[in-house]
Novice: 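Once you've had a glance at the structure underneath, I'll fire off some questions.
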Amino acid sequence: MDSKQQPNTAPIASFSLGELISIAGGSRPAPDFLIVHSDASQLDAFRFPCRINAFFIGLGHEGETEISINLNQYTLRRNTLFLIGPQSIIRTGHGGTLKGDVIVVSPQFMQRMNIGSKQIMSLILQLSAHPCIEISDEESRQLRDFIRLMDAERGVSGEFSDQLLGNLLLATLYKIGNTLQSYLEAHPAAQERSNSRADIYFRKFLQTLSEHYKEERSVGFYARELCVTPKYLTTLVKRISSKSVSEWIEIYVILEAKTLLKYSSLSIQEIAYTLNFPNQSFFGSYFKRNTGMSPSQYKSADCPAENGGGGYSLDASEVE
């Protein structure tokens with residue numbers, strides 16, 4: 001896609017799987033289950049932060065790359081298992097060399113296959129606390145066998161094709177659950193950390209922030225939502241993340257602003273109102289203070305991350 005081209009719909013801060021494929025230039029009906037044998041150039045396409053409404057299950061084979069998942073930094077390499085849930089904010093570093101397999105599944109497919117039992121949802125929530133783990137060669141080989149089975153069945157027409165694919169995915173999730181349990185048994189500190197009172201509060205804060213950052217930018221609002229004092233919330237968040245509550249709010253607001261400036265048809269004034277700023281001037285000062293650029297400079301900048309499609313792309317040849 002031409003680097004100047006933008007989606008011509010209303011603001012897209014979050015892409016569905018179909019929209020992602022459409023932006024990449026795919027012309028076939030959008031599938032809701034993909035297996036992408038990715039290379040570094042494809043991962044490099046996500047150098048601008050974005051949200052995609054799909055489940056990602058990935059396994060690195062060789063090389064490495066940096067990735068930010070919900071603003072936490074990780075390194076993906078050989079035998080790294082990574083899981084990214086719908087609406088997560090993802091961004092990759094530049095110049096990575098990672099190759100691997102990525103399963104991309106829409107929430108609609110999960111619902112259609114009834115992959116939503118209490119046990120599976122509990123597993124998915126547990127996985128969200130550990131989105132990247134290092135596994136053994138044998139565990140990696142076994143998971144690749146599961147992926148090969150799904151790859152072989154994907155696109156095969158038959159009365160029970162969807163059910164077969166859904167059950168293979170379910171089996172893969174159970175296998176990943178066992179792998180995670182083995183990892184936590186070998187790393188008890190990681191399990192204790194994710195179950196600590198402070199970490200639970202911090203995750204609740206980020207969840208609340210993700211729901212309200214467009215309208216609310218005061219520490220007091222988030223403290224009230226969590227039924228704690230502003231001082232307690234400020235101390236807890238700073239201790240857990242080394243960032244203040246205000247810094248987290250600014251990060252979320254600026255990420256949204258950047259996405260809207262690059263990938264929506266909204267004017268700067270409309271974006272200011274969307275993000276609950278009183279006027280364009282106030283928004284411009286806020287944006288420049290946090291980025292060093294005015295909104296108009298950022299919107300028109302020909303950043304390296306935009307080359308070849310604006311930072312959100314899948315290789316259309318992978319869509320079958």
Novice: Can you get from Phe282 to Val253 by hopping between Ile, Leu, Val, Met, Phe, Trp and Tyr side chains that sit under 4.5 Å apart?
Specialist: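 They do share one cluster, since a chain of ILVMFWY contacts under 4.5 Å joins Phe282 to Val253.
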Novice: Quick one: are Lys214 and Asn276 in side-chain contact, heavy atoms under 4.5 Å?
Specialist: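 Lys214 does not reach Asn276 side chain to side chain.
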Novice: Going from CD on Glu139 to CG on Leu180, what distance comes out if it is rounded to the nearest 0.5 angstrom?
Specialist: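 Reported value, rounded in 0.5 Å steps: 10.5 Å.
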Novice: State, yes or no, whether a side-chain contact exists between Ile251 and Lys243 at a heavy-atom distance under 4.5 Å.
Specialist: yes
Novice: Dump the intermediate steps for side chain to side chain contact (heavy atoms under 4.5 Å, CB included) on Ile176 and Leu143, then the final yes or no.
Specialist: CA-CA 8 Å; Ile176 290 171; Leu143 279 173; 3.8 Å; yes
Novice: Taking side chain as C-beta onward, heavy atoms only, is Thr291 less than 4.5 Å from Lys258?
Specialist: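 Yes. Closest side-chain heavy atoms under 4.5 Å.
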Novice: List the steps and the verdict of side chain to side chain contact (heavy atoms under 4.5 Å, CB included) for Glu225 and Lys204.
Specialist: CA-CA 10 Å; Glu225 288 293 302; Lys204 286 182 178 178; over 6 Å; no
Novice: Which atom pair, heavy atoms only, marks the closest approach of Leu233 to Ala223?
Specialist: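 The pair with the smallest heavy-atom distance is CD2-N, 3.6 Å.
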Novice: Pick one: which of Leu173, Val102, Asp101, Ile84 meets side-chain contact (heavy atoms from CB on, under 4.5 Å) with Ile57?
Specialist: Leu173
Novice: Counting only heavy atoms not in Glu138, do more than 12 sit closer than 6.0 Å to its CD atom?
Specialist: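 Yes, enclosed.
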Novice: Measuring from atom CD1 of Ile35 to atom CD of Glu153, what distance do you get when rounded to the nearest 0.5 angstrom?
Specialist: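 Between atom CD1 of Ile35 and atom CD of Glu153 there are 10.5 Å.
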Novice: So, for Phe82 and Gly60, which heavy atoms are closest and what is the spacing to 0.1 Å?
Specialist: CE2-N, 4.5 Å
Novice: Of the non-hydrogen atoms in Gly96 and Thr65, which two are nearest, and what is the gap between them?
Specialist: CA-OG1, 3.5 Å
Novice: Can a donor-acceptor pair be found, under 3.5 Å and without considering hydrogens, that links the side chain of Lys99 to the backbone of Glu62?
Specialist: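 Not a single qualifying donor-acceptor pair exists.
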Novice: Of Phe205, Tyr252, Trp248, which meets ring-ring contact (aromatic ring centres under 6.0 Å, His included) against Tyr213?
Specialist: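 In the set Phe205, Tyr252, Trp248, the residue that makes a ring-ring contact (aromatic ring centres under 6.0 Å, His included) with Tyr213 is Tyr252.
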Novice: How long is the span from the CG atom in Asn167 to the CE atom in Met150, to the nearest 0.5 Å?
Specialist: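 Answer rounded to 0.5 Å: 11.5 Å.
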Novice: Checking side-chain polar atoms at under 3.5 Å, does Gln207 have a donor or acceptor matched by the opposite partner on Glu211?
Specialist: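 Yes, a side-chain donor-acceptor pair sits under 3.5 Å.
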Novice: Any chance the side chains of Ser294 and Ser296 put a donor and an acceptor closer than 3.5 Å?
Specialist: yes
Novice: Hey, which of Glu64, Glu66, Glu134 is the one that makes side-chain hydrogen bond (donor to acceptor under 3.5 Å, both in side chains) with Thr75?
Specialist: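 Answer to the side-chain hydrogen bond (donor to acceptor under 3.5 Å, both in side chains) test with Thr75 among Glu64, Glu66, Glu134: Glu66.
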Novice: Is any NZ, NE, NH1 or NH2 atom of the basic residue among Arg148 and Asp145 found under 4.0 Å from an Asp or Glu carboxylate oxygen of the other?
Specialist: yes
Novice: Are Tyr273 and Phe277 in one and the same hydrophobic cluster, where Ile, Leu, Val, Met, Phe, Trp and Tyr link if side-chain heavy atoms are under 4.5 Å apart?
Specialist: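 No, no single cluster joins them.
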Novice: Decide yes or no for Ile271 and Pro295: does some side-chain heavy atom of the first lie under 4.5 Å from some side-chain heavy atom of the second?
Specialist: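 No, side chains not in contact.
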Novice: Can you measure from NE2 (His61) to CZ (Arg144) and round to the nearest 0.5 angstrom?
Specialist: 3.5 Å
Novice: So, taking the atom named CD1 in Ile240 and the one named CG in Leu236, what distance separates them when rounded to the nearest 0.5 Å?
Specialist: 5.5 Å
Novice: Side-chain contact, heavy-atom cut-off 4.5 Å: Lys238 with Glu247?
Specialist: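 They are in contact (side-chain heavy atoms under 4.5 Å apart), so the answer is yes.
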Novice: Identify whether NZ of Lys or CZ of Arg in Arg239 sits under 6.0 Å from the centre of the six-membered ring of Phe202 and within 45° of that ring's axis.
Specialist: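 Arg239 over Phe202 ring: no.
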Novice: Using the rule that two of Ile, Leu, Val, Met, Phe, Trp, Tyr join whenever any of their side-chain heavy atoms come within less than 4.5 Å, decide whether Phe55 and Phe146 are in one cluster.
Specialist: no
Novice: Looking at every heavy atom in both Ala272 and Phe283, which two are closest together, and how far apart are they?
Specialist: CB-CB, 3.6 Å
Novice: Take Ile249 and Glu216, measure what side chain to side chain contact (heavy atoms under 4.5 Å, CB included) needs, and give me the verdict at the end.
Specialist: CA-CA 9 Å; Ile249 295 170; Glu216 298 288 346; over 6 Å; no
Novice: Ring-plane angle category for Phe287 and Tyr298, please: parallel below 30°, perpendicular beyond 60°, tilted otherwise.
Specialist: perpendicular
Novice: Nearest heavy-atom pair of Glu270 and Ser265: which atoms, and what distance?
Specialist: OE1-O, 4.4 Å
Novice: Determine the minimum heavy-atom distance between Leu98 and Gly63, stating which atoms define it.
Specialist: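 The answer is CD1-O, 3.7 Å.
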Novice: Run the numbers on Leu59 and Ile135 for side chain to side chain contact (heavy atoms under 4.5 Å, CB included), then give the verdict.
Specialist: CA-CA 10 Å; Leu59 181 62; Ile135 64 177; 3.8 Å; yes
Novice: Could you state the interatomic distance from CZ (Arg224) to OG1 (Thr208), rounded to the nearest 0.5 Å?
Specialist: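 So the gap between those two atoms works out to 12.5 Å.
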